[in-house]
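Notes for the one structure printed next.
All residue numbers refer to positions in the sequence shown, counting from 1. Remember, it's a predicted structure, so these values are computed and weren't measured experimentally.
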Amino acid sequence: MKKFVTILLAATVLAAPMAQAQSRHDDRHRGVTVERHVTKKVIVKKHRWDRGQRLSARERRNMVDRRDYRRYHLAEPRRDQRWVRVDNQFLLINAVSGLIVGLAAAR
């Protein structure tokens with residue numbers, strides 16, 4: 001029993017400096033605040049567009065307006081209409097109401 005207590009005491013004396021060497025709290029980063037900004041990208045996808053559907057103002061803002069309609073072999077739009085490109089499709093929409101008047105596939 002005396003040997004066991006002596007070995008246990010020696011083990012605690014040798015293990016104490018190793019236990020203190022492992023600091024659980026890192027003092028180097030005190031007072032430093034880390035800010036993370038997460039941006040979320042919202043993508044509205046409709047896989048099938050039909051005539052008569054109405055596009056919201058938010059959807060119309062995210063679409064690419066095509067003023068060079070002749071390049072894509074599209075008909076000239078009327079004064080209150082415009083061509084927009086969405087998901088490799090061209091939509092002829094009413095600029096005021098957002099109503100889809102015509103469709104054309106990209107060539």
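- Here the shortest heavy-atom pairing between Leu99 and Arg54 reads CD1-NH2, 4.2 Å.
- Closest heavy-atom contact between Ala75 and Trp83: O-NE1, 2.8 Å.
- Thr6 pairs by the side-chain contact (heavy atoms from CB on, under 4.5 Å) definition with nothing, not counting sequence neighbours.
- Arg78 pairs by the side-chain contact (heavy atoms from CB on, under 4.5 Å) definition with Asp80, Gln81, not counting sequence neighbours.
- Between Arg82 and Arg67, every side-chain heavy-atom pair lies at or beyond the 4.5 Å cut-off.
- Annotation: side chain to side chain donor-acceptor pair (under 3.5 Å) contacts of Asp50 (sequence neighbours excluded): Arg48.
- Looking at heavy atoms from C-beta onward, Ile100 lies out of side-chain contact with Leu92 at the 4.5 angstrom threshold.
- Annotation: salt bridge (Lys or Arg N to Asp or Glu O under 4.0 Å) contacts of Arg79 (sequence neighbours excluded): none.
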